[in-house]
Each structure stands twice: as C-alpha cells, then as structure tokens.
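Taking it in order: structure first as structure tokens, then the write-up.
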Amino acid sequence: MVLVSGSGTNLQALLDAAADPAYGADVVAVGADRDGIEGLVRAERAGIPTFVHRVKDFADRAAWDARLTASVSSYTPDLVVSAGFMKLVGERFLAAYAGRFLNTHPALSPSFPGMHGPAEALEYGVKVTGCTLFVVDAGVDTGPIVAQQAVPVLQDDSVESLHERIKQTERLMLVDAVGRIAREGFRVEGRVVRFGALG
Ligand code: GAR
C-alpha cells in the first residue's frame with residue numbers, strides 16, 4: 001500500500017518493480033490526501049485501486065486519521081509506504097501500523113527533517129545530502145533508519161536540480177529496500193533496523 005501527494009515517481013518505481021513476480025511485493029492500493037495528482041493517474045494506469053481523503057473534508061484531524069486508517073486497513077496491507085505523502089498521520093494510524101509504516105525522505109536523517117529537505121541542505125551549504133527510508137514513529141522524520149543513500153550537492157544546484165538528483169537515487173533505494181523487506185523480512189531493534197526475519 002502506497003500513500004502519495006504529488007508526482008508519484010517513487011510510486012511508479014515500485015509499480016515497475018512489482019511487475020516482476022520475483023520482486024516479491026505488490027502494490028495493493030494507493031491512497032492520497034488530494035485530487036488531481038500524477039500519483040493517482042499512475043496508480044489508475046496500472047489498474048491499482050485508489051482513494052482520496054482530504055483533511056478539509058473532515059470535522060477534524062482525528063476524524064481524517066480514522067478514515068485514512070480504515071481505508072488503508074480495508075486492503076489489509078503488510079506494509080504501508082509513504083512516498084511523498086505530505087501529511088503527518090495521527091495516533092490511530094500510527095498505532096495500527098506501528099513498525100509497518102515506512103516513509104521516504106529527501107535528506108540524510110537526522111539532518112533536515114520536515115517538508116523542505118533539499119532546500120535546507122542547499123541553504124546550509126552541505127556538500128553531501130541524500131535520502132532516507134525510515135520506520136515512521138511519532139516524531140517528524142525521526143524513526144529508525146531502514147536505508148540511506150548519499151547524493152553530492154553540486155556547486156550550481158538549485159533546489160529543483162538537487163531534489164531531482166536525490167529522487168533518482170531515492171527511487172533505487174526504495175525499490176531495493178521494499179523488495180528486500182518483502183523477500184527477507186526486517187526487524188527493528190532499538191534504533192537499528194536489519195533485513196532478515198531471523199537474527
Ligand atoms: C520525494 O523526494 C520524497 O522523499 C519527498 O517528496 C518527494 C516525492 O516525489 N517527501 C518529503 O519531502 C516528505 N517530507 P514523488 O511524488 O515523485 O515520488
């Protein structure tokens with residue numbers, strides 16, 4: 001199950017990988033917090049069921065979170081991947097998917113958490129940034145790290161060029177890690193994540 005808010009290129013990478021049965025994972029559904037996004041078009045093109053729950057259509061954030069949790073649960077996913085989903089989920093969702101909800105972030109955690117990873121890396125002047133796949137906890141981009149890849153910052157980078165280069169690496173990282181999780185399992189010990197179901 002994949003949650004999106006935008007162009008959905010990470011989703012597309014997972015859809016492309018899942019076309020091979022040997023990959024080990026299927027995308028059972030795609031959820032979004034807004035209409036009219038390329039991510040939903042990608043899902044529909046692949047014949048994957050979709051749903052949209054906009055926060056503004058609910059009485060409050062908790063009601064939105066409850067509906068999101070119910071919709072996701074109706075597909076009984078083993079794993080939920082937030083791939084450019086620009087919302088923090090609530091307590092109910094976190095409780096239902098604790099340890100099974102992953103998010104991909106365009107920075108090297110713990111640096112530059114939040115919505116503006118590439119812009120903040122550029123502004124800070126780091127020479128290396130990257131992407132992080134992590135198990136979501138109650139913090140903002142603070143959960144145990146599943147995978148990370150470094151990406152150089154080039155002298156003439158704009159926010160857009162840097163983010164685009166990060167995303168090229170991010171898609172490979174995501175496809176590799178989700179495939180390994182599907183085929184081998186994973187476990188979280190404190191802050192440390194290891195692939196493989198056994199010790
Ligand atoms: C990705 O770079 C993802 O890490 C980022 O949005 C992009 C989505 O691209 N997410 C965040 O910044 C969340 N804090 P995509 O829609 O093309 O997959």
Side-chain angles (χ1 to χ4, degrees), residues 1-19 25 27 29-46 48 50-55 61 65 68 79-90 93-94 97 101-124 126 128-154 157-179 181:
M1 167 96 222
V2 180
L3 300 177
V4 296
S5 296
S7 60
T9 63
N10 281 286
L11 164 66
Q12 187 68 56
L14 289 171
L15 291 171
D16 292 348
V27 180
V30 171
D33 66 327
R34 63 198 73 184
D35 293 310
I37 54 170
E38 182 66 16
L40 288 170
V41 175
R42 293 177 190 277
E44 282 152 18
R45 204 185 293 138
I48 309 287
T50 64
F51 65 82
V52 177
H53 298 321
R54 304 184 305 176
V55 172
R61 196 85 183 191
D65 187 56
L68 179 71
L79 197 69
V80 183
V81 177
S82 166
F85 187 59
M86 296 301 190
K87 287 284 181 299
L88 293 177
V89 300
F93 192 95
L94 280 179
Y97 290 98
F101 180 35
L102 307 185
N103 186 20
T104 175
H105 179 61
L108 282 180
S109 298
S111 295
F112 314 123
M115 304 285 279
H116 308 291
E120 288 177 13
L122 209 54
E123 194 174 311
Y124 195 94
V126 294
V128 177
T129 184
C131 46
T132 302
L133 181 70
F134 62 97
V135 183
V136 179
D137 64 10
V140 177
D141 301 329
T142 52
I145 293 167
V146 177
Q148 261 182 330
Q149 290 290 330
V151 173
V153 179
L154 304 184
D157 262 335
S158 62
V159 175
E160 291 71 29
S161 67
L162 176 59
H163 195 180
E164 196 47 49
R165 189 160 353 90
I166 291 170
K167 283 173 64 169
Q168 289 173 13
T169 297
E170 191 177 14
R171 292 190 282 265
L172 299 175
M173 174 191 72
L174 181 66
V175 165
D176 177 65
V178 169
I181 287 171

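Start at 1 and go down the list; that is how both ligands and their atoms are numbered.
- For the ligand labelled ligand 1, residue P118 lies outside the 4.0 Å heavy-atom shell.
- For atom 16 (O) of ligand 1, the nearest protein heavy atom (residue, atom name, distance) is G8 N, 2.7 Å.
- Of the residues V30, T9, V2, the one that meets the side-chain contact (heavy atoms from CB on, under 4.5 Å) test with R42 is T9.
- Remark: the Q149 side chain and the T169 side chain contain no N/O donor-acceptor pair separated by less than 3.5 Å.
- Close approach of ligand 1 to N10 is summarised as follows: ligand atoms under 4.0 Å from at least one heavy atom of the residue are 1 (C), 9 (O), 15 (P), 18 (O).
- The closest protein non-hydrogen atom to atom 5 (C) of ligand 1 is P106 CD, 3.7 Å.
- Of the N or O atoms in D141, none lie within a sub-3.5 Å distance of an N or O in ligand 1.
- Remark: ligand 1 atoms within the under-4.0 Å shell around heavy atoms of M86 are 6 (O), 10 (N), 11 (C), 12 (O), 13 (C).
- Residue V4 places no heavy atom under 4.0 Å from ligand 1.
- Atom CD of E44 is surrounded by more than 12 heavy atoms from other residues, nucleotides or ligands within 6.0 Å.
- The protein non-hydrogen atom at the shortest distance from atom 9 (O) of ligand 1 is K167 NZ, 3.2 Å.
- Listed here is the closest heavy atom pair of V80 and F93: CG1-CZ, 4.0 Å.
- Atom numbering of ligand 1 starts at 1 in the shown order; those under 4.0 Å from a heavy atom of G84 are 6 (O), 8 (C), 10 (N).
- For the atom pair CG of L102 and CG of L3, the computed distance is 11.0 Å after rounding to the nearest 0.5 Å.
- Not one N or O on the side chain of T129 forms a donor-acceptor pair closer than 3.5 Å with the backbone of A107.
- Distances shorter than 4.0 angstrom do not occur between any heavy atom of G117 and any atom of ligand 1.
- Ligand-side atoms of ligand 1 in range of H105: 4 (O), 14 (N), range being under 4.0 angstrom from any heavy atom.
- Between V136 and S82, every side-chain heavy-atom pair lies at or beyond the 4.5 Å cut-off.
- Atom 4 (O) of ligand 1 has E170 OE2, 2.3 Å as its closest protein atom, hydrogens excluded (heavy atom only).
- For the residue pair M173 and L133, the shortest heavy atom distance occurs at CE-N, 3.7 Å.
- With rounding to the nearest 0.5 Å, the separation of CG in D141 from CG in L88 is 8.0 Å.
- Listed by number with element, the atoms of ligand 1 under 4.0 Å from a non-hydrogen atom of T104 are 3 (C), 4 (O), 10 (N).
- Residues R45 and E38 are paired through a salt bridge, judged by an N-O separation under 4.0 Å between the basic side chain and the carboxylate.
- Atom 14 (N) of ligand 1 has as its closest protein heavy atom G114 O, 3.2 Å.
- The shortest heavy-atom distance from H163 to ligand 1 is under 4.0 Å.
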